[in-house]
Amino acid sequence: MTSLQILAAATVAVPMMSALAAALVPAGWVTRAALTGTVATAVLALCLAGRAVADPGHPVIGSWIVIDAGSGLLLAVIAMTGLTSVLLSPGWLRGATGSVVAARHRHRAYYTVLLVFWAILLAVPLAGNLGVAWLLVEATTAVSALLVGFSGRRHALEAGWKYLILTSLGLGVALLGIVILAAGLPGGAGGLTWQHLAAFGSGKPAAVTAYLLLLTGLAAKIGWAPVHNWLPDAHSEAPPPASAMLSAALLPAVLLIAWRSERALAPVIGLHQAQRLLIMFGLASLAVAVPFLWRPMPFKRLLAYSSLEHMGVIALGVGFGTPLALAGVAVHIVGHAIAKALGFHTAAPLLAHEPRAASHPVTGIGRTAPALGTAMGISLGALSGLPPSPLFISEVLILAGGFSSGRSWAAAVAAILLALGFLGLAHAAIETVAGKAHKRSKHGPDGPGLAGLGPVTALAGVSAVLMLLLAAAAPWLTSTGFIAALQRGMP
Amino acid sequence: MTGLEAWLVVSLGLGVVVVRRRSVATGLVTAQALILAGLALDRAGTSGDVIVAAALGVRALALGGLFWLAVARSREQRPVRAHIAAPLRAGIAIVLILALTALVPPFGLTSPTAGHAVLALVAAGLTCVATRRATVFQILGIVGVENGLALAALMSPHASSLVIELGVTLDLTLIATVAALFHLRIFSEVGAGDSAALRGLRD
């Protein structure tokens with residue numbers, strides 16, 4: 001094993017061992033064990049991501065593990081999202097009431113499941129084999145469904161059940177696609193490595209069918225329209241730190257599998273045809289998301305529909321496939337993760353400040369809790385694509401990539417939908433932060449009663465700085481070897 | 001795969017779509033999975049194949065036991081009524097089977113019969129999830145889909161990957177266990193394993 005492969009194995013093993021520790025140590029040590037393991041995991045994952053991103057021309061490609069530019073990008077995103085989610089969990093747990101397990105086991109169960117979910121998620125971008133990638137994605141479903149239903153409330157159970165059934169069914173369809181691929185590959189299921197998929201020998205009609213089934217099945221997990229029904233419910237009912245991981249890390253991680261499949265199968269089914277399906281999913285997701293962004297709705301639900309929009313944008317970028325578009329995709333994945341994680345993390349103090357926010361739209365938070373309102377405003381402003389948000393620049397890059405790839409009609413429709421989405425979300429941001437305040441906080445403005453507000457305020461500051469840096473670096477990114485490696489896929 | 005074997009597993013899959021009682025449906029899915037394990041054992045040529053066959057058998061019994069336990073711990077006064085009558089559900093399943101077999105080109109299994117049986121099992125499972133309200137039936141539908149995919153893996157002309165086959169078995173067991181936990185929690189919350197009773201999240 002090379003040092004990188006050892007690092008990759010450690011990146012997955014450490015959070016798994018931390019989960020085990022959280023499950024076994026005395027009750028008073030659970031949080032400490034989880035936090036210690038989390039910091040160690042984040043350091044390992046970021047080191048690995050740094051190595052992969054710094055040297056994109058020399059990927060490590062094996063039958064089981066791949067460490068390339070795409071892995072590096074997603075590892076960094078998953079590491080940062082997981083780190084903030086675990087670090088901010090104590091604040092949420094302090095303020096939360098009720099859970100699916102007995103109160104005395106709540107912390108232990110929560111950290112154990114969250115860390116297992118994180119470990120599996122970190123393994124997804126490292127999977128060197130479509131079959132293994134599917135196994136990991138399916139495993140995230142079982143584990144994260146427990147997080148979605150963690151509060152044990154009726155709505156959480158409904159969301160968890162819907163998520164479990166719809167995504168399992170979708171992944172079943174994807175598995176049918178994989179089985180068709182395996183039947184046409186020289187090595188059978190053992191030949192499902194990314195590099196060998198192009199050797200599919202059962203003919204183009206079977207390859208197209210397999211690709212359609214695979215992508216449609218993965219779409220159900222990514223949350224692409226029209227198979228997105230679970231997404232708004234699951235993201236709004238899960239604990240905020242878990243919502244952040246679902247939206248900022250899980251969706252793009254599964255999207256990477258769809259992306260890798262498109263790259264790997266393009267020689268068999270034709271690049272244009274492979275990309276067309278992604279563009280269709282992208283446009284459908286945008287078209288379905290935009291009307292919801294115009295409607296007043298509970299804050300977490302609004303963020304969930306924004307996830308649908310942004311997964312659509314990323315699908316478009318991958319479908320356009322030019323260096324401009326792929327630079328946009330890279331910036332969009334990172335920018336979306338930062339802004340969306342911040343948004344979901346503000347939900348814990350928001351619910352403490354205004355409990356009706358769980359089921360109603362909120363307005364004027366900046367008037368009753370300025371620090372909280374500012375954090376929410378940063379998140380919503382960035383997600384809407386308001387300059388200088390990196391998402392504004394990434395969307396421009398993706399649209400420019402679309403026009404330069406000759407898919408002008410798709411880029412034009414996307415531009416209109418993105419403009420409408422911007423107006424809807426920007427309006428929601430203004431109303432949420434500066435609209436008419438519904439109530440005066442019983443804790444006083446940003447008072448100590450707002451569980452977890454301090455860390456969220458600090459996160460807002462760090463997020464704002466990171467997003468500005470990302471926006472500044474974005475235009476320079478297009479001509480780097482990193483984007484060339486993303487476009488090339490597996491050598 | 002003989003025509004008789006194919007008809008047997010497909011009939012069991014269709015049975016799950018139409019039967020009324022959860023315990024009967026659990027028995028049908030378990031029988032289907034055990035037949036697949038038998039087929040796997042019959043075709044086993046290497047020690048890896050035998051391990052896969054054994055894993056399928058253990059999975060069949062484990063899931064059967066799990067669902068039996070879930071049903072036993074959530075006794076209902078009367079079965080949850082599906083909003084679509086049994087003959088119509090059967091009709092939907094048959095139309096979907098015919099559509100899938102017409103649309104999906106041959107994909108290289110050892111016999112066309114096996115390919116059709118796989119698609120029929122997937123269609124029956126999808127119909128079960130889409131047309132039944134009872135939570136146990138919905139998860140049995142997913143197990144039915146996975147049984148179809150296990151059949152496809154068995155009938156592949158190439159050697160199977162032990163890691164992936166065992167991984168799929170483990171994943172399905174994990175999903176079914178989590179689903180059973182949800183089912184019991186839903187039952188204690190609404191007094192029935194009825195997914196329709198949960199429809200509170202709307203935009």
Side-chain angles (χ1 to χ4, degrees), chain A residues 64 100 129 131-132 134-139 141-143 145-146 149 152-155 157-162 164-166 168-169 171-173 175-176 178-192 201-203 205-206 208-210 213 232-233 236-237 292 295 297 301 305, chain B residues 100 103-110 115 118-119 122 125-126 129-130 135 138-139 141-142 144-146 148-153 155-168 170-179 181-183 185-186 189-190 195 197-203:
Chain A
W64 302 104
V100 76
N129 181 310
V132 173
W134 183 92
L135 291 176
L136 293 167
V137 171
E138 176 85 327
T141 299
V143 181
L146 291 171
R153 292 193 311 265
R154 194 171 174 141
H155 281 174
L157 292 174
E158 178 185 354
W161 181 258
K162 205 185 272 187
L164 187 69
I165 295 298
L166 293 181
S168 296
L169 205 58
L171 290 172
V173 172
L175 186 58
L176 178 60
I178 295 173
V179 166
I180 294 175
L181 287 174
L185 286 166
L192 284 168
S202 293
V208 171
T209 305
L213 291 168
D233 298 343
S236 60
E237 293 303 321
F292 289 99
R295 288 171 57 176
M297 61 172 61
R301 236 172 147 74
Y305 278 107
Chain B
L100 273 182
L103 289 172
V104 176
F107 51 94
L109 298 188
T110 47
V118 168
L119 295 175
V122 170
L126 289 172
V129 175
T135 46
Q138 291 187 339
I139 192 64
I142 288 175
V145 170
E146 301 272 351
L149 299 172
L151 175 64
M155 296 299 151
S156 172
H158 307 295
S160 57
S161 162
L162 188 62
V163 173
I164 292 177
E165 297 282 350
L166 294 181
V168 172
L170 188 66
D171 264 357
L172 179 63
T173 308
L174 194 61
I175 290 281
T177 306
V178 172
L181 292 173
F182 264 93
H183 159 77
R185 189 74 193 188
I186 290 167
E189 183 73 26
V190 303
S195 61
L198 288 169
R199 288 179 186 164
L201 292 168
R202 286 281 184 279
D203 287 312

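Chain identifiers are assigned alphabetically (A, B, ...) following the order of the sequence lines, protein sequences preceding nucleic acid strands; residue numbering begins at 1 within each chain. The figures here come from the full heavy-atom set of this structure, side chains too, leaving out hydrogens, waters and symmetry mates.
- Of all the listed residues (B:Val145, B:Leu172, B:Leu181, B:Leu149), the one sharing the greatest number of non-hydrogen pairs under 4.5 Å with chain A is B:Leu149.
- Neither the backbone nor the side chain of A:Leu166 comes within contact range of chain B; no heavy atom of the residue lies under 4.5 Å from a heavy atom of that chain.
- Under 4.0 Å is where a charged nitrogen must lie from a carboxylate oxygen, and between B:Glu189 and A:Arg153 no such pair does.
- Below 30°, between 30° and 60°, or above 60°: for A:Phe292 and A:Tyr305 the angle between ring planes is below 30°, a parallel geometry.
- Options B:Val104, B:Thr135, B:Ile139 differ in how many heavy-atom pairs under 4.5 Å they form with chain A, and the most are formed by B:Thr135.
- For the options A:Ser202, A:Pro232, A:Ala145, A:Ala206, heavy-atom pairs under 4.5 Å to chain B are most numerous at A:Ala145.
- Of all the listed residues (A:Leu136, A:Thr141, A:Leu185), the one sharing the greatest number of non-hydrogen pairs under 4.5 Å with chain B is A:Leu185.
- In this structure a side-chain-to-backbone donor-acceptor pair under 3.5 Å is present from A:Ser236 to A:Asp233.
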### Query
A:Trp134 and A:Asn129: side chain to side chain contact (heavy atoms under 4.5 Å, CB included), yes or no, with the steps?
CA-CA 9 Å; A:Trp134 183 92; A:Asn129 181 310; over 6 Å; no
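- Neither the backbone nor the side chain of A:Val208 comes within less than 4.5 Å of any heavy atom of chain B.
- Under the 4.5 Å side-chain criterion, counting only non-hydrogen atoms from C-beta, A:Leu176 is in contact with B:Val118.
- Contact check for B:Thr177 versus B:Thr173: side-chain heavy atoms found under the 4.5 Å cut-off.
- Contacts between A:Ala210 and chain B at a heavy-atom distance below 4.5 Å are absent for every atom of the residue.
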